[in-house]
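See below for the structure under consideration.
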2 protein chains.
Amino acid sequence: MVIYAGQGDPRWSMDVMWGNRVSNLRPGPKPGLSVELIIDAAVGVADIDGMAGLSMRAVGEKLGRTAMSLYTYVPTKGDLVDLMYDRVLGELPTHYEPRLGWRGSVTSWAEDHLEFHLRHPWTLQVSQARPVLGPNEFAALDTASGILHETGLRPPVLRGILGVVLHYVRGAARTEAEARAAAEETGVSDEDWWHSRSPLLVEVAPDFADRFPMAIRMEQDKPAPPEDPKKPYLESAMAESFAMGLEVILDGIEATMEKAKAG
Amino acid sequence: MVIYAGQGDPRWSMDVMWGNRVSNLRPGPKPGLSVELIIDAAVGVADIDGMAGLSMRAVGEKLGRTAMSLYTYVPTKGDLVDLMYDRVLGELPTHYEPRLGWRGSVTSWAEDHLEFHLRHPWTLQVSQARPVLGPNEFAALDTASGILHETGLRPPVLRGILGVVLHYVRGAARTEAEARAAAEETGVSDEDWWHSRSPLLVEVAPDFADRFPMAIRMEQDKPAPPEDPKKPYLESAMAESFAMGLEVILDGIEATMEKAKAG
DNA sequence: CAACGTTACTTTATGGCGTAAGGAGATGCA
DNA sequence: TGCATCTCCTTACGCCATAAAGTAACGTTG
């Protein structure tokens with residue numbers, strides 16, 4: 001597994017993302033493709049086959065070209081992933097009704113991000129260490145910042161809070177995306193998988209209940225597994241757990257606000 | 001990037017992890033290696049070169065063998081990763097002093113996990129969808145459950161809380177691990193990287209300040225970058241941000257406890 | 001002790017990957 | 001009409017996991 005980050009000329013990808021491309025007419029055959037077309041095709045491949053299935057050959061095939069022909073338009077695969085990332089980031093809303101209040105806005109924001117990552121699970125594989133510096137990435141940061149500033153807290157605290165919410169949403173999305181991928185790749189549902197493993201566990205560790213009593217207690221009162229796997233995540237039984245965790249975080253933010261007011 | 005999950009005979013890996021191996025003497029040459037030796041070598045490779053650098057060739061080379069010779073001991077690379085994962089999970093503490101209280105214990109637990117993931121960054125790439133079902137994985141779950149049960153909250157709420165804390169710790173570790181990997185791979189520090197990008201950003205998006213005012217506000221009062229990169233993360237300036245986020249979560253847990261008491 | 005079956009380990013091969021290198025053919029301009 | 005420049009192709013290299021088959025070492029059995 002590789003986490004991609006463009007390592008070509010940084011100037012090139014930034015010009016593409018910010019729309020500073022010059023398309024002066026030049027000799028030679030007319031371009032049959034374009035960077036935009038390639039980004040679209042690549043996103044299509046990654047959405048279906050994941051980051052692991054995203055190969056230059058696959059993208060080329062989707063466009064009726066060879067893998068190598070893409071290098072006429074894009075310097076490296078890493079740069080292409082950067083462009084894909086900023087492209088889909090544009091799907092995120094950039095405005096939340098102020099009358100929702102910060103609590104309602106953060107909730108909607110978290111749900112929108114969750115759905116976004118489930119629609120494009122490969123985005124969870126893009127390294128966050130060195131940002132892409134594209135317009136949509138900054139727009140997303142600007143939106144989140146705007147919501148959080150409504151709490152009246154100071155920037156250093158807000159950065160901590162943004163980290164908590166972001167890590168939580170991405171983590172939840174990752175877990176769900178991994179579960180879906182596992183189910184599709186193996187053709188075995190989570191429920192069937194557990195049904196096949198638990199007898200093995202009993203056989204291999206007969207003293208299980210004595211060794212891990214707390215782990216067993218933690219499993220009490222589990223909700224029913226999702227009825228229809230095609231139903232959107234946010235309407236499924238598992239979304240309850242997501243909402244509960246988010247509620248804890250929101251309460252934490254509120255407590256922080258009260259502390260700031262008091263202190 | 002591929003997220004590994006063993007897909008060989010599940011029985012085999014479980015027998016190895018739970019120590020149910022039979023080593024009856026059989027004809028043929030004496031085994032020069034063992035599953036344990038291979039796991040150790042593989043962990044060594046992954047700790048240094050990451051999941052991307054973990055190849056059967058690399059592990060074999062470390063043991064003075066070819067890649068193929070490993071398949072005498074291990075059915076697939078995926079199974080090997082499963083074993084590696086449960087192996088290193090054994091490094092996590094399984095006991096926290098009750099006198100620390102749930103708040104102190106959760107804090108220590110989070111710090112231990114953070115350090116663990118920074119010591120073995122490749123563990124962040126192991127899919128959490130279908131657990132390995134090894135003894136150390138269950139021990140870790142048991143420990144976390146034990147701490148959280150001190151809050152007196154019911155299991156469904158505790159699962160939500162565990163998710164929040166786990167996602168937060170893993171997310172923070174991932175961000176830090178990605179930053180370190182990027183610095184090492186490119187030979188450019190985060191600071192130098194920003195110094196080279198920001199002029200480009202100004203050039204390509206002169207209206208930046210007008211378009212993303214909230215994003216800029218969010219950057220105010222940034223702490224100084226880490227002085228010595230070799231210093232342990234928890235003693236660095238960035239750890240402040242980690243502690244702040246954790247504090248918000250802990251306050252959220254406390255608010256949840258109060259609500260439960262009241263309701 | 002010789003033969004045999006089992007095992008450890010090797011070499012070779014298959015089909016994937018990103019991408020370097022070089023060549024063929026199309027096109028706009030001098 | 002060249003010629004420079006461009007698109008797109010084929011080929012090739014060095015990686016990857018692992019299937020297949022061969023060699024040699026060893027315990028057991030006749």
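Numbered from 1 within each chain, the chains take letters A, B, ... in sequence-line order.
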Protein and nucleotides 28-30 of chain C: nitrogen or oxygen contacts under 3.5 angstrom:
from, atom 1, to, atom 2, distance (Å)
C:dG28, OP1, A:Lys30, NZ, 2.5

Nucleotide N/O of nucleotides 14-16 of chain C paired with protein N/O under 3.5 Å:
none

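In this structure, CE in B:Met51 is found 12.5 Å from NE2 in B:His120, a value given to the nearest 0.5 Å.
If you take CG of B:Asp79 and P of D:dT18, they are 9 Å apart, rounded to a whole angstrom. As a whole-Å value, the separation of B:Arg65 CZ from C:dA8 P is 11 Å. Nucleotide C:dG22 holds its C1' atom 11 Å from the CE atom of A:Met68, rounded to whole Å. Atom P of nucleotide C:dT10 and atom CD of B:Glu61 are separated by 12 Å, given to the nearest angstrom. Taking atom CG on B:Leu54 and atom C1' on D:dC15, their separation rounds to 14 Å, with Å as the unit. Computed from coordinates, the B:Leu80 CG to D:dC16 P distance equals 15 Å when rounded to whole Å. Between the CG atom of B:Asp49 and the C1' atom of D:dC16 there is a distance of 15 Å, rounded to whole Å. The CG-C1' distance, from A:Leu70 to D:dT7, rounds to 12 Å in whole Å.
There is no side-chain donor-acceptor pair under 3.5 Å between A:His117 and A:Glu176. A:Trp12 and A:Asp79 share no donor-acceptor pair across their side chains, judged by distance under 3.5 Å alone.
The shortest distance between the side-chain N/O atoms of A:Thr66 and the OP1/OP2 oxygens of D:dC9 is below 4.0 Å. Side-chain nitrogen and oxygen atoms of A:Ser69 include none within less than 4.0 Å of the OP1 or OP2 phosphate oxygen of D:dT7. OP1 or OP2 of C:dC9 lies within a sub-4.0 Å distance of a side-chain N or O belonging to B:Tyr73.
Taking every side-chain heavy atom of B:Thr76 into account, D:dT18 is the closest of D:dA25, D:dT7, D:dT18.
With a 4.5 Å cut-off on side-chain heavy atoms, A:Val169 and A:Phe116 do not count as touching.
For A:Phe242, the ring-ring contact (aromatic ring centres under 6.0 Å, His included) test picks out A:Tyr168, with sequence neighbours left out.
The residues B:Glu36 and B:Arg87 are annotated as salt-bridged, a charged nitrogen and a carboxylate oxygen being separated by less than 4.0 angstrom. With respect to A:Glu178 and B:Arg130, no salt bridge is recorded, no charged nitrogen being found less than 4.0 Å from a carboxylate O.
Using cut-offs of 30° and 60° on the angle between ring planes, the pair A:Phe138 and B:Phe208 is perpendicular.
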- request: Might you work through the side chain to side chain donor-acceptor pair (under 3.5 Å) test for A:Asp142 and A:Ser145, ending with a clear yes or no?
  value: CA-CA 5 Å; A:Asp142 197 65; A:Ser145 303; 5.7 Å; no
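Between A:Gly53 and B:Leu33, the one whose closest nucleotide on DNA chain C sits nearer the 5' end is B:Leu33.
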